[in-house]
Amino acid sequence: MIFAANFKSNHSRASFKEYAGILGDFWSEFDKKDDEIIIFPPFSAFCGCALKDKKISLGAQNFYPANNGAFTGEICADMLSEFGINSVLVGHSERRALGEDDEFVRAKFEFAKAKLWRVVLCVGEDDIVHMNGNTCEFLESQLEGIDLAYEKLIIAYEPIWAIGTGKSAKPEIIAEILEFLSLKTKAPLLYGGSVNASNIAMITQIPHCAGVLVGSASWQVQSFIDLIKASKA
Ligand code: 13P
């Protein structure tokens, strides 16, 4: 299972150092088989924590698709490589809400692919698309122009209407969408949207589910540890 944690704009460098120490200790003792943790902290928290285990790594929540240049306020590849970052989130609905359209998402994907980075591509519909029953067509449009055979691609299905609500999508809905996505790609498929210790066991049993992308339930280290443990219960 892939346990991906999106910290969004939470954690300082100091608090993440403490978090990483506790999580690292837990993870070194954990009976992991093909399990893996990827944490997406804020950029400012990249340095200052030592993650010794190969199956726990850091990724970037965002980047500008260039090595460097005149892009005020952006973080480019040169800055990420200084921290050894080679996993990135692309297409998260919170970035799309800030103006990243499908074309820019594609440009970021292409750039990341050229760098051979691992890309966690987020797709997901809002409540209107969901209620109108148009989710598959919508996801298809978000995937247009994306190389679904890229070997370092991971796709996270994150319905916007389930993010940050405390209520995940129902298992039958997740199952239907993951089945749909599995017919298009061999990439590992994650679910994200109010995943927590109470629903993780149910979610990870869904066919084609290779893991989860967790927001709020990952921000406290004990909550994230409880979630990982509960996935095996
Ligand atoms: P929550 O787990 O808080 O719903 O957030 C999900 C998410 O946006 C992960 O990228």
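Atoms within a ligand are numbered from 1 in the order they appear, just like the ligands themselves.
Taking a cut-off of under 4.0 Å to the non-hydrogen atoms of Leu213, the atoms of ligand 1 that pass are 9 (C), 10 (O). Counting atoms of ligand 1 from 1 in the listed order, those under 4.0 Å from a heavy atom of Lys8 are 5 (O), 6 (C), 7 (C), 8 (O). Ligand 1 places these atoms under 4.0 Å from at least one heavy atom of Gly164: 1 (P), 3 (O), 4 (O). Of all atoms in ligand 1, listed by their number and element, those nearer than 4.0 Å to a heavy atom of Gly193 are 4 (O). Here is the list of ligand 1 atoms found below 4.0 Å of a heavy atom in Ser194: 1 (P), 2 (O), 4 (O).
The protein heavy atom nearest to atom 7 (C) of ligand 1 is Glu158 OE2, 3.2 Å. When only non-hydrogen protein atoms are considered, atom 3 (O) of ligand 1 lies nearest to Ser216 OG, 2.6 Å.
Listed by chain and residue number, Asp35 satisfy the salt bridge (Lys or Arg N to Asp or Glu O under 4.0 Å) test with Lys232 (two or more places apart in sequence, or in another chain). A search for ring-ring contact (aromatic ring centres under 6.0 Å, His included) contacts involving Phe180 returns nothing, not counting sequence neighbours.
Taking distance alone, with nitrogen or oxygen atoms compared against 3.5 Å, His92 approaches ligand 1 more closely than that limit. On a distance-only criterion, Thr165 and ligand 1 share no N/O pair closer than 3.5 Å. When only interatomic distances are considered, the shortest N/O to N/O separation between Gly215 and ligand 1 falls below 3.5 Å. When only interatomic distances are considered, the shortest N/O to N/O separation between Val214 and ligand 1 does not fall below 3.5 Å. At a 3.5 angstrom cut-off on N or O pairs, Asn6 counts as close to ligand 1.
When non-hydrogen atoms are compared, ligand 1 lies under 4.0 Å from the backbone of Ile163 as well as from its side chain.
One finds the OH atom of Tyr191 at 10.0 Å from the SG atom of Cys209 (value rounded to the nearest 0.5 Å). Atom-to-atom distance recorded for Phe138:CZ and Leu143:CG is 10.0 Å, nearest 0.5 angstrom.
Between Glu140 and Lys184 a salt bridge is recorded (basic side-chain N to carboxylate O distance below 4.0 Å).
Geometrically, Lys32 engages Trp27 in a cation-pi contact defined by less than 6.0 Å to the ring centre and at most 45° from the axis.
In summary, the aromatic rings of Phe63 and Phe43 are positioned with their centroids too far apart to meet the 6.0 Å limit. Taking the centre of each ring, Phe46 and Phe16 stay at or above the 6.0 Å mark.
Under the side chain to side chain donor-acceptor pair (under 3.5 Å) test applied with Ser15, the options Glu18, Arg13, Lys17, His11 reduce to a single match, His11.
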